[in-house]
Protein chains: 2
Amino acid sequence: MTHAKKKQPLAQRPGLTMADLAKLAGVSKITISRALSDSPLVNVETRERLQELARKHGYKLNVSARNLRLRRSHTVAVIVEMKPSSGRTMWDPYPLSLLGGISQELTSAGYSVLLTTRQGAADASVQSADGLILLGQGVRQDAVRLYDKLGMPMVVWGAAGQGGDSHIVVGSDNRQGGISVAERFLSIGRRNPVFIGNPDHPEMAQRLFGFVDELADHGIKPLLLRRADFTLESGVDAVRSLHSRKVRFDAIFACSDLLAMGAIRALVELGLSVPNDVSVIGYDDTPLGASFLPPLSTVRQNWQEGGVLLARKVLALIHSQPVQSQMMATTLVVRST
Amino acid sequence: MTHAKKKQPLAQRPGLTMADLAKLAGVSKITISRALSDSPLVNVETRERLQELARKHGYKLNVSARNLRLRRSHTVAVIVEMKPSSGRTMWDPYPLSLLGGISQELTSAGYSVLLTTRQGAADASVQSADGLILLGQGVRQDAVRLYDKLGMPMVVWGAAGQGGDSHIVVGSDNRQGGISVAERFLSIGRRNPVFIGNPDHPEMAQRLFGFVDELADHGIKPLLLRRADFTLESGVDAVRSLHSRKVRFDAIFACSDLLAMGAIRALVELGLSVPNDVSVIGYDDTPLGASFLPPLSTVRQNWQEGGVLLARKVLALIHSQPVQSQMMATTLVVRST
DNA sequence: GCCGCATATGATATCGATATCTTGATATCG
DNA sequence: CGATATCAAGATATCGATATCATATGCGGC
């Protein structure tokens with residue numbers, strides 16, 4: 001080690017302060033502050049003069065100082081949870097589209113978005129935020145509980161809690177999604193439906209429950225085919241296994257579009273006709289589904305809107321307004337399968 | 001209006017301060033500060049005692065105060081650019097996978113990620129960051145120029161600048177991607193290649209240039225088919241138009257996997273064999289490509305890694321270390337098309 | 001001509017943490 | 001034994017912005 005490296009002597013980007021501007025303009029710094037925040041307490045002319053001055057000199061507000069004084073950060077932390085098992089992060093299109101809505105809404109409300117991956121639980125930067133948005137609840141809600149303890153305004157994306165949550169939950173109404181698929185199958189006279197997915201995911205479990213319950217009302221009990229991967233291959237594989245076990249089925253509800261597409265491919269290979277012999281409905285309405293041959297029927301959830309909702313709810317919480325959990329309606333998109 | 005709503009009397013989450021802890025422990029606050037930052041200036045025993053105390057009382061560092069004092073924010077702003085024309089934001093899987101790598105790398109270096117959509121150019125929160133990562137350069141580099149003026153450490157994702165950039169650029173080596181496709185076509189004896197894409201995007205332009213240049217070395221001039229949308233339909237449409245214009249072609253380089261898949265579908269419909277009659281190569285290596293029938297050949301770019309690189313470079317810039325622009329190699333993935 | 005009131009501006013204290021400079025106590029050495 | 005390190009901890013100033021209280025000026029009414 002040649003040099004002390006840890007203690008930098010305080011970085012210094014030059015940057016004017018309000019005090020500097022004040023000196024330049026021959027007024028007090030408080031007047032600058034007021035002028036720049038459009039306070040009616042300062043004369044219109046002075047105000048404009050000072051604003052012009054600030055602009056000319058490229059003045060930049062020191063956010064830390066303001067936040068310190070005002071005891072708030074105008075920041076919402078978004079915590080992206082790791083996926084339960086696989087080491088991969090949740091950086092799939094799915095939670096990320098939420099981010100779009102979140103960012104849009106918060107930014108236009110004058111808030112900043114602090115993006116974090118869950119790591120050091122007690123990350124200081126998270127605690128300094130005014131609110132929290134949690135994407136992905138973690139295995140058995142552990143993440144939720146962890147952050148809940150911070151006592152900050154918090155909104156969680158995911159499946160509805162099993163009653164009495166202390167925090168707000170926003171999510172797609174997975175149960176209703178499952179119901180709508182069941183209704184569709186019933187309406188076209190299917191009697192032997194199969195569910196492909198992984199009920200270990202709370203969301204998928206809800207879909208399954210809705211599906212099962214609705215069918216039960218009509219005396220039908222679907223077959224549950226558990227599949228951990230949501231890949232096309234997994235869908236292919238699922239159908240093949242059904243076939244080799246000589247299961248009779250005439251409808252498939254797949255928990256993702258990829259699974260559904262795989263299923264269809266396998267069906268076609270087996271010489272079965274979609275949807276004549278077997279009807280298939282996927283989930284998510286991924287862009288490709290519509291272009292698939294045949295065009296895929298699916299359940300659509302609006303991520304973008306979900307993000308906006310999440311953002312609005314944290315903001316409401318932050319401003320101490322009453323807020324309720326909310327499930328967003330899903331849409332059954334009937335195409336050709 | 002019933003009440004003054006704008007001026008809240010200073011929000012107050014209780015929260016201990018170092019001063020409080022100091023009083024509790026009977027030491028001075030500076031000692032607390034030192035103890036909590038593991039300074040060797042304080043006795044090991046006292047240090048541990050104080051740390052324990054802080055933990056017990058759930059002390060939380062006030063980040064704003066520290067940032068103010070230290071004149072840094074330990075924050076990097078990531079600015080997600082709007083797509084040039086379409087009103088849609090860049091919230092597609094593409095830039096978002098970059099985010100994954102960025103977030104991972106910055107977080108583990110102790111930095112926070114501030115996510116912003118480009119909006120008010122001079123967003124205060126951006127200026128308070130220690131560095132900038134720009135995803136998407138905007139129409140004709142306007143975004144880049146805008147942020148460049150801030151004079152902050154900045155790294156841009158995208159096509160290599162046309163010489164003499166003042167900022168660092170990290171990107172996929174699109175030119176090389178184009179070249180590798182050309183080489184492949186040449187090696188399997190194709191003489192009439194077509195390029196489908198939109199050269200208005202700097203990235204795609206690079207792909208085209210590489211493609212064209214490499215082919216030119218062998219006396220071949222590809223046909224350029226301009227398509228603005230990167231959808232499957234657009235690919236279908238492109239091939240149909242080729243066919244109706246009775247163009248002779250035996251290879252297609254499509255600028256996105258979706259385009260490629262559309263092209264293949266259209267070819268099959270027209271009774272042409274892939275790859276016997278026409279070879280097709282896409283771009284991006286989207287998950288579906290591998291499962292497509294036939295499995296799609298494509299050019300892969302590693303987004304995750306790109307994000308990591310971006311993050312490392314800003315950090316280096318922030319620490320005043322020498323940094324250079326870098327193009328990441330692409331991989332030609334040859335499957336069946 | 002004095003009081004009251006509105007308007008415009010200033011002085012000061014403060015938010016919470018840390019750099020820097022001091023001070024006090026103990027240890028080391030010639 | 002006195003001089004000088006070494007270690008531990010405190011006092012103070014400071015980062016930049018803003019809330020709060022105080023001050024100056026103008027103007028109309030009685």
Side-chain angles (χ1 to χ4, degrees), chain A residues 4 6-51 54 57 59-74 124-125 127-128 130, chain B residues 4 6-51 54 57 59-74 124-125 127-128 130:
Chain A
K6 200 167 177 182
K7 303 237 166 170
Q8 305 167 6
L10 286 186
Q12 42 184 348
R13 213 170 308 143
L16 295 183
T17 74
M18 286 195 172
D20 297 331
L21 281 183
K23 209 166 295 173
L24 282 172
V27 299
S28 78
K29 45 182 192 165
I30 193 63
T31 303
I32 299 282
S33 170
R34 294 203 258 247
L36 295 188
S37 56
D38 278 326
S39 159
L41 284 179
V42 352
N43 191 318
V44 194
E45 293 168 21
T46 359
R47 194 195 310 170
E48 284 171 356
R49 178 168 64 92
L50 296 181
Q51 290 182 351
H57 289 273
Y59 167 76
K60 290 169 194 167
L61 176 69
N62 182 318
V63 182
S64 298
R66 181 219 255 152
N67 288 347
L68 171 58
R69 183 68 244 251
L70 297 184
R71 293 178 155 169
R72 60 103 218 262
S73 61
H74 256 212
S125 61
Q127 304 184 330
S128 77
D130 293 338
Chain B
K6 202 168 175 181
K7 303 238 166 169
Q8 306 167 6
L10 283 188
Q12 42 186 348
R13 214 172 305 145
L16 295 184
T17 75
M18 286 196 172
D20 298 330
L21 282 182
K23 209 165 293 171
L24 282 172
V27 300
S28 78
K29 44 182 195 165
I30 195 63
T31 304
I32 300 282
S33 171
R34 294 203 260 248
L36 295 187
S37 56
D38 280 323
S39 160
L41 284 179
V42 10
N43 190 321
V44 195
E45 295 167 20
T46 4
R47 193 197 308 172
E48 284 171 355
R49 179 168 63 91
L50 297 181
Q51 289 182 353
H57 289 272
Y59 167 76
K60 289 168 195 168
L61 176 69
N62 182 317
V63 182
S64 297
R66 181 218 256 152
N67 288 346
L68 171 57
R69 182 68 245 250
L70 297 183
R71 290 177 158 167
R72 62 103 216 264
S73 61
H74 257 213
S125 61
Q127 303 183 332
S128 77
D130 293 338

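Order of the sequence lines sets the chain letters (A, B, ...), proteins ahead of strands, with each chain counted from 1. Treat the numbers as computed from the prediction; the structure is a model and nothing was measured.
Taking 4.0 angstrom as the limit, B:Ser64 places none of its side-chain polar atoms (N or O) nearer than this to OP1 or OP2 of C:dG16. In this model, the phosphate group of D:dC15 is not approached by any side-chain N or O of B:Arg72 to a distance below 4.0 Å at OP1 or OP2.
In this structure, CG of B:Asn67 is placed 16 Å from P of D:dC15, rounded to the nearest angstrom. Atoms CG (B:Leu70) and P (C:dA17) sit 12 Å apart, rounded to a whole Å. Atom P of nucleotide C:dA27 and atom CG of B:Asn43 are separated by 13 Å, given to the nearest angstrom. Atoms CG (B:Leu36) and P (C:dA19) sit 13 Å apart, rounded to a whole Å. For the pair B:Tyr59 OH and C:dG16 P, the computed distance is 10 Å after rounding to whole Å. Across the protein-nucleic acid pair, A:Leu41 atom CG and C:dA11 atom P stand 16 Å apart, rounded to whole Å. Look at CZ on A:Arg49: it is 13 Å from C1' on C:dA8, rounded to the nearest Å. Atom CG of B:Asn62 is separated from atom C1' of D:dG16 by 14 Å (rounded to the nearest Å).
Remark on DNA chain D: of its neighbouring residues A:Val63 and B:Thr46, the 5'-side contact belongs to B:Thr46, judged by nearest-heavy-atom nucleotide. Residue A:Pro40 is the one, among A:Leu68 and A:Pro40, whose nearest nucleotide of DNA chain C lies closer to the 5' end (criterion: closest heavy atom).
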Please list, one pair per line, the donor and acceptor atoms closer than 3.5 Å that link side chains of residues 40-48 of chain B to other protein atoms, with sequence neighbours excluded.
residue	atom	partner	partner atom	Å
B:Asn43	OD1	B:Glu45	N	3.0
B:Thr46	OG1	B:Asn43	O	3.1

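Considering only side-chain atoms of B:Arg71, the nucleotide from D:dA17, C:dT18, D:dG16 that sits closest is D:dG16.
Interatomic distance, A:Arg71 CZ to A:Asp130 CG, rounded to the nearest 0.5 Å: 13.5 Å. Atom CZ of B:Arg72 and atom CZ of B:Arg66 lie 5.0 Å apart (nearest 0.5 Å). Rounded to the nearest 0.5 angstrom, B:Gln51 CD and B:Leu21 CG are separated by 11.5 Å. Atom CD1 of A:Ile32 is separated from atom OH of A:Tyr59 by 9.0 Å, given to the nearest 0.5 angstrom. To the nearest 0.5 Å, atoms CG (B:Leu68) and OG (B:Ser128) are separated by 12.0 Å. How far OG of B:Ser37 is from CG of B:Leu61: 9.5 Å, rounded to the nearest 0.5 Å.
For A:Arg34 and C:dG10, a side-chain-to-base donor-acceptor distance below 3.5 Å is present, hydrogens and geometry of angles not being considered. Between the side chain of A:Arg69 and the base of C:dG16, no donor-acceptor pair of N or O atoms lies under 3.5 Å.
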For DNA chain C, the dot-bracket pattern of Watson-Crick and G-U pairs whose distances stay under 3.5 Å, | for other-strand partners: ||||||||||||||||||||||||||||||
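Listed by residue number, A:Lys29, A:Ile30 are the residues of residues 20-31 of chain A with a heavy-atom contact under 4.0 Å to DNA chain D.
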Assess whether side-chain contact (heavy atoms from CB on, under 4.5 Å) is satisfied between A:Leu16 and A:Lys60, documenting all intermediate values. CA-CA 7 Å; A:Leu16 295 183; A:Lys60 290 169 194 167; over 6 Å; no
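Under 3.5 Å, the side chains of A:Ser73 and A:Asn67 contain no donor-acceptor pair of N or O atoms.
Looking at B:Ser39, its side chain never comes within 3.5 Å of a backbone N or O of B:Ala35 through a donor-acceptor pair.
No engagement by B:Ile32 is indicated, since no non-hydrogen atom pair under 4.0 Å with the nucleic acid exists.
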